[in-house]
Amino acid sequence: MSSNLIDLFSDYLEFQDRSQKTIKSYVDTIRDFNTWLIETKDISDLKIIAFKEIRDYRDALINRYAPASLNQKLCAIKAFYRFLLQRNIITSDPSETIKIQKISDNIKSQYLTRAEELAVMSRAKMEGAKTFCIVMLLLKCGCRPSEISKLKLNDVVLKGDPTLIIKNSKRNKSRYVPIPADTVVAIKDWLTLRNQSNKIYHQRSDYFFTSQRAEKMGERAIQRVIENIAKKESIHLYCTRLRCSYANDLIKEKIPVNILASLMGHENLSTTGRYLLASEHDVRKYVNKISEI
């Protein structure tokens, strides 16, 4: 019975035009929850559970996942039970009062310091043209790893005003991102190396980044590139932190928030707003200006 409900939920998400990544994440979460109910509570029917089961599941995961990851799972469960309620499969939503975990903003961890930026770029150069190009697209163009993975050769326009065409990103939106001069150099160096490959599937590939054994470099492989740099430089580093640094660097240049939102691919300005948090250094700099001594 529960497997049928999960299949119906998957079809519903497809009909809502959710991305394949989101559908997989939501469906996997509900399957994991179903397995936990069977193994822990001896409950095999997702329809009959109450608030307590979801709360206990949250408490079981709270030490295993970061708040953001746990919230994604809770959002999937909430979406599932809202769907069942809309279809009149259940008469009340057991997830309605489950609270999403609070995420404390750690201002200093949102973006890299200038010293960290320089260390990351230096290490990336040492690792080779491909790694350096990936880092520059994250740091200087604000790309998501999923966007870099899907990037095709004809999405990179170097003639005239160099531009990245990011197609069908989050919520199937597309955008144009200007490429700064240093990143243009990194792109050209990678293309020179890429074009030297004698592998047939590389020569025939339309994708900008190829892997050793495939015509396309996957999102997880791009994340591993950054994890490797983090390990070698002993820096707390992940792709989102590079993207945050891109936003912060533009904010320092007094970019209007609506233009930043467009460059970041944000549908809602409130999403962009979280990048506007001042650093501890900036706060202290302004406060010190009003000191009498």
Side-chain angles (χ1 to χ4, degrees), residues 19 111-112 114 117-118 120-122 124-125 127-199 201-211 214-219 221-222 225-226 239-269 271-272 275-276:
S19 71
Y111 49 78
L112 302 173
R114 179 58 178 162
E117 277 190 16
L118 291 171
V120 168
M121 288 188 287
S122 177
K125 268 189 176 180
E127 296 294 315
K130 184 178 184 179
T131 295
F132 186 59
C133 188
I134 289 170
V135 165
M136 295 301 279
L137 289 175
L138 289 162
L139 182 61
K140 300 294 185 177
C141 294
C143 295
R144 301 177 176 97
S146 59
E147 294 168 347
I148 293 176
S149 175
K150 293 186 288 187
L151 199 65
K152 293 191 174 181
L153 291 168
N154 60 8
D155 295 332
V156 183
V157 180
L158 298 179
K159 290 182 180 179
D161 295 325
T163 304
L164 276 185
I165 307 170
I166 307 294
K167 298 175 181 174
N168 300 323
S169 187
K170 273 198 171 183
R171 301 187 186 278
N172 295 319
K173 293 185 70 177
S174 299
R175 69 186 189 278
Y176 295 88
V177 178
I179 309 173
D182 53 0
T183 308
V184 170
V185 174
I187 286 171
K188 288 180 176 178
D189 288 345
W190 160 242
L191 287 176
T192 298
L193 186 64
R194 183 196 185 285
N195 292 337
Q196 292 173 0
S197 175
N198 56 9
K199 295 180 179 179
Y201 49 86
H202 284 176
Q203 293 174 354
R204 292 177 179 173
S205 175
D206 293 330
Y207 288 97
F208 188 75
F209 286 107
T210 55
S211 70
E215 65 172 7
K216 175 186 176 185
M217 189 175 188
E219 180 180 350
I222 291 165
V225 167
I226 304 307
C239 293
T240 303
R241 197 166 183 224
L242 290 167
R243 182 169 151 84
C244 287
S245 298
Y246 169 75
N248 184 62
D249 288 344
L250 289 174
I251 289 166
K252 287 179 179 178
E253 297 299 325
K254 311 297 183 186
I255 188 171
V257 67
N258 61 316
I259 297 177
L260 179 60
S262 175
L263 291 173
M264 299 292 286
H266 293 157
E267 190 172 341
N268 195 318
L269 287 180
T271 305
T272 314
Y275 293 97
L276 301 177

Identify, with sequence neighbours excluded, every residue that meets salt bridge (charged side-chain N to carboxylate O under 4.0 Å, His left out) alongside D155. K167
Please determine whether side-chain contact (heavy atoms from CB on, under 4.5 Å) holds for the pair L138 and R243, giving the CA-CA distance in whole Å, both sets of side-chain angles, and the decisive distance to 0.1 Å. CA-CA 6 Å; L138 289 162; R243 182 169 151 84; 5.9 Å; no
Going by ring-ring contact (aromatic ring centres under 6.0 Å, His included), name the residues that satisfy it together with Y246, two or more places apart in sequence or in a different chain. none
Step by step, would you call T163 with V177 a side-chain contact (heavy atoms from CB on, under 4.5 Å)? CA-CA 6 Å; T163 304; V177 178; 5.8 Å; no
Check the pair F132 / E127 against side-chain contact (heavy atoms from CB on, under 4.5 Å), numbers first and verdict last. CA-CA 7 Å; F132 186 59; E127 296 294 315; over 6 Å; no
For S122, all residues meeting side chain to side chain donor-acceptor pair (under 3.5 Å), sequence neighbours excluded: none
What pairs with I255 under side chain to side chain contact (heavy atoms under 4.5 Å, CB included), at least two apart in sequence or on another chain? L250, I259, L260, L263
Residue set satisfying side chain to side chain contact (heavy atoms under 4.5 Å, CB included) with A221, at least two apart, ordered chain then number -> M217, R224
Y201 atom OH: more than 12 heavy-atom contacts under 6.0 Å: yes
Taking only residues two or more places apart in sequence, or in another chain, which ones meet R114 in a side chain to side chain donor-acceptor pair (under 3.5 Å)? E117
What residues form a side chain to side chain contact (heavy atoms under 4.5 Å, CB included) with T183, not counting sequence neighbours? M136, L137, K140, C141, I179, P180, I187
Salt bridge (charged side-chain N to carboxylate O under 4.0 Å, His left out) partners for E215, two or more places apart: none
Not counting sequence neighbours, which residues clear side chain to side chain contact (heavy atoms under 4.5 Å, CB included) with E253? List them please. none
